[in-house]
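Single-structure report; data block below.
Here is the naming used below: chain letters follow the sequence lines, and residue numbers restart at 1 for every chain.
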Amino acid sequence: MAALSVPVLSFPHHPKVPNSSTVNNDLRFPYYPLLSLIDQCTSLNQLKQIHARMLRTGLFFDPFSASKLITVSALSSFSSLDYARLVFDQIPQPNLYSWNTLIRAYASSSDPVRGIFVFLLLLDRCRESPNKFTFPFVIKAASELKASQVGRGFHGMVMKSSLASDVFILNSLVHFYGSCGDLDSAYRVFRNIPRKDVVSWNSMIKAFVQGDCPDEAFQLFREMEMENVKPNDVTMVGVLSACGKKADIEFGRWLCSYIQRNGIAVNLTLNNAMLDMYVKCGSIEDAKELFDTMPEKDVVSWTTMLDGYTRMGDYDEAQRVFEAMPNEDIAAWNVRISSYEQNGKPKEALAVFHKLQVSKSAKPDEVTLVSSLSACSQLGAIDPGRWIHVYIKRQGFKLNCHLTTSLIDMYAKCGDLEKALEVFYSVERKDVYVWSAMIAGLAMHGRGRDAIDYFSEMLKAKVKPNAVTFTNILCACSHSGLVEEGTGLFHQMEPVYGVVPGVKHYACMVDMLGRSGRLQEALEFIEKMPIAPTASIWGALLGACRLHGNVELAEHACSKLLELDPRNHGAYVLLSNIYAKTDKWDQVSRLRKVMRDSGIKKEPGCSSIEVNGIVHEFLVGDNSHPLCKDIYKKLDEIAAKLKVIGYVPNKSHLLQFVEEEDMKEQALNLHSEKLAIAFGLISTVPSQPIRVVKNLRVCGDCHSVAKLISKVYEREILLRDRYRFHHFKGGHCSCMDYW
DNA sequence: GTAGGGTTAG
C-alpha cells in the first residue's frame, strides 16, 4: 500500500493487549478495530485500503467481516455496485446476509434485473434458503421492472415457504401487484394479510391511486379509520394524490385540515403532496399560499408550482417560477416542454427543447424526448424529429415502448411511413401502444387493408387490443371505405375483447357508414346508441352529409350539434358548404348573418411547410412572407400550366369562407395550402418531397390542384390535414379520393 | 447487522 493519493487512514496496528495478565486469547476478535474503521470510511479509496488490509490479515475470509465490507461498498453514500460485486465474487462462501445486501442494492439500482439474477444464483449456490429479508428485496426488483410473471413466481415461492404470513413480504407483494397494474391480485393479497399494519393499508391505497381508482382509495381510507389503524403521513400522501385525480378541492381542503387535527407530522413530501393536490384541483391560490410558507422546498415543490401555472395557461408566471428555481432540474424543463406541447403550442415546445440543448443545464431524459417528439408530430416537422432520433441513438437511450411509440407516431405524422415501419420492426418488444401507433400510421396514410393485417398480427403476438387500438383500427376502416370489416370489428369489441365501445368508437362508426353513403343507416345507428350522442357524433354525420350533399339530414344533424355545442363554428361552415353545393344561396347568407351576429368566427385555415428545418406558415391570401412576390408569380404560372391541361377551378369550394372580410381573399388560388405548395416548389430541390401540414380539412379544389401539380411538375407532395395524409404522386392521391 | 409504503414530468 505504498503511494496513496487519497486521505490515508491511520490503521490501528496490532490490537493492544490490555495487560499481560489477561491476555485475550479469543481469536474471533483480534482485528475488531479494523472492522469498526469500515463504518468510518468516507470514500471508495479508503474502503479499498481496508479491503486490502483485510485480505492481508485474512479477516476477509471471515464471513461476518466480509459481509460488512459488502454492505459499505454496496449501500454507502460513495457506494459502487460494481466494486461490491467484485468483492462479493471473491468471498468463498458468502453468508445469507451478504446475498441479501447485494440483492437489496441491485433492486434499488438503475438495473434491478441484476437483483433477480443474483437471487437465482443464491438459490443455486447458497446453503441457506432465502429468508424474510430476501423476499422484500427481490420482490422490489420485480416491482421496479414490472416483471409480472417473475413476481408471481416469487409469490408462489413465498406461499410454499414458512414465510407465507410475513407482513413485510405480503406488503411488498401488494406493492408489486399494484405497480404491475394488477389491482385484483393486489387486493387479494391485501385482504389475506392476517395482521395488517399501516404499511399494508398504505400500499393498497397507493395501488388504487396508481390504478386510477381514487374512489376505492378513499373507501379504504375510511375503512382503515373504522379498523382503528391510524393513518400516517404516507397514507395522507396517497389519499391526497387520489383527491388530485378526482379534482375535488373540497375534499382536498378537508384532508389538509384532517392532517392538522390529527397531528400528522408534515414533512417535505407531504407538503409537496398537498401542493400537487391543490394544483390538480385547479386552485393555484391555495398552492401559492402553501408554497410560500413551506419551510423547505425541493425540486418537486418548484416543479409542481411550475406545472400549476402552465395548467392555468399563465406562461409568464411559469417563466418566473422557472427562473426563480434554484437549479434547473430536467423535470422542470419537461413540464415546460410538455405543457406547450399539450396546449397546441408545439413550436414553443421545441424552442424550449432547443434552449435546454444550448444551456446544457440538465440532460434530456426519456420524458423530454417523448414530449419533444410529440411536438414534432404536431408540427409535421420531420427534421427536428430525425435529429431527436439520431440523438436517441447516439446517447444510447434504450428504445423502450414509450420512445418507440413516439418515434412511430412522429414519422407517420411527418409523412414518412416507411421510416415508421422501420422503427416498428427494429424493436423486439411491442406493447399495445406500439402496435396501436403503427395501426394509426397506416390508417392515416390510407392503408386500411394493411392496418387490418397488422391488427391480426398483433392478436397473433398475444397483445390484447385496448380502446385506443379500436379507435385506430375503426378509423383505418373508415378512411379506406372498409365498412364490412369495420362493422365486424366493432361488434366484436365487447364480446370478444372486453373493450366497451366509447363515444370515439361510435363516432368512427357514424363516420364510416356516412362516408360510404349509408346516411340513413348512420342516423339509425345514432338513434340506437346506448350512450347519449355527443357533438362529435353529430359532427361526423354532418360531414358525411356534406360529402353526399344531403341537405335535409345535414340540417337535422347541424341543429342537434348546435344544441350540444352552440358555438361550434365547424357546424356553420359545414352547413353553409352544403347549402352552397346545392345552390341554396339565400341560406348561405342567412347562416353568414347568424355567425356574424353571434360573433362566431371560423378557425382560419393555416398551412405550414418545413424547409431546411424552418417551419413557414401561411394563412389564406397571406402577404407576409418575404418571398411573397415569387410565391404569387409561381401561383400564376401554376394556374396557366393547369389551364392548358384543362383544369377548371371548382367554385363551390369558395364558399368555405363565410365572413365578409374574407370575401376579397376568397379566390381559390389564395388558399393557404396552395401558397405553401407554391413556396415549396420554389424553395426545395425537385428530388425532395414537399411536406405541407394544414390545420383544417384540405379543400376539394386544392386537392385536385395538388394532384395535377404532382403530375405537371413531377413532384411528390405530402399533405397532412386535420384527419389524414394525402400523398400526391404522378397525378394521383394515396387517399384514392375517398376522404 | 439486513425489510415493506410516499410527492413532480409522458
* Asked: So which pairs with a foot in residues 139-148 of chain A pass side chain to side chain donor-acceptor pair (under 3.5 Å), sequence neighbours left out?
  -> none
* Structure fact -> Across all chains, not counting sequence neighbours, the side chain to side chain donor-acceptor pair (under 3.5 Å) partners of A:S426 are none
* **Sequence-distant partners of A:T303, side chain to side chain donor-acceptor pair (under 3.5 Å), two or more places apart** => none
* Structure fact -> Looking only at B:dT2, B:dA9, B:dG6, the nucleotide nearest the A:V335 side chain is B:dA9
* At under 4.0 Å, does any side-chain N or O of A:K68 touch on OP1 or OP2 of B:dT2? -> no
* To do: Would you check if there is a donor-acceptor pair between the side chains of A:D276 and A:T304 at a distance under 3.5 Å?
  => no
* **Distance below 4.0 Å between A:K132 side-chain N/O and B:dA3 OP1 or OP2** => no
* Asked: Does the side chain of A:R336 get closer than 4.0 angstrom to OP1 or OP2 of B:dA9 through an N or O atom?
  -> no
* Ignoring the backbone of A:A273, work out which of B:dG1, B:dG10, B:dT7 is nearest its side chain. => B:dT7
* To do: Check the distance between B:dT8's C1' and A:Q342's CD and give it to me in whole angstrom.
  => 14 Å
* Asked: Is a donor-acceptor contact shorter than 3.5 angstrom present between the side chain of A:N334 and the base of B:dG10?
  -> no
* Identify, residue by residue, the members of residues 399-408 of chain A with a heavy atom below 4.0 Å from DNA chain B, and return them in order of residue number, or none. => A:H402
* Structure fact -> Picking from B:dG6, B:dT8, B:dG5, the nucleotide nearest the side-chain atoms of A:S203 would be B:dG5
* Asked: With A:S129, which residues qualify under side chain to side chain donor-acceptor pair (under 3.5 Å), at least two apart?
  -> none
* side chain to side chain donor-acceptor pair (under 3.5 Å) partners of A:Q342, counting only residues at least two apart -> none
* Rounded to whole angstroms, how far apart are CD on A:Q210 and C1' on B:dG5? -> 11 Å
* Asked: Relative to A:F424, does A:K430 satisfy both conditions: NZ or CZ under 6.0 angstrom from the six-membered ring centre, and within 45 degrees of the ring's axis?
  -> yes
* With no angle test and no hydrogens, is the base of B:dG6 tied to the side chain of A:N272 by a donor-acceptor pair under 3.5 Å? -> no
* Asked: Counting only distance, no hydrogens or angles, is the base of B:dG10 paired donor-acceptor with the side chain of A:S374 under 3.5 Å?
  -> no
* Asked: B:dG10 phosphate, OP1 or OP2: any side-chain N/O from A:S338 under 4.0 angstrom?
  -> yes
* Asked: Can you check whether A:K206 has a side-chain N or O nearer than 4.0 Å to OP1 or OP2 of B:dT7?
  -> yes
* Figure out the CD1/P separation between A:I330 and B:dA9, and round it to whole Å. => 14 Å
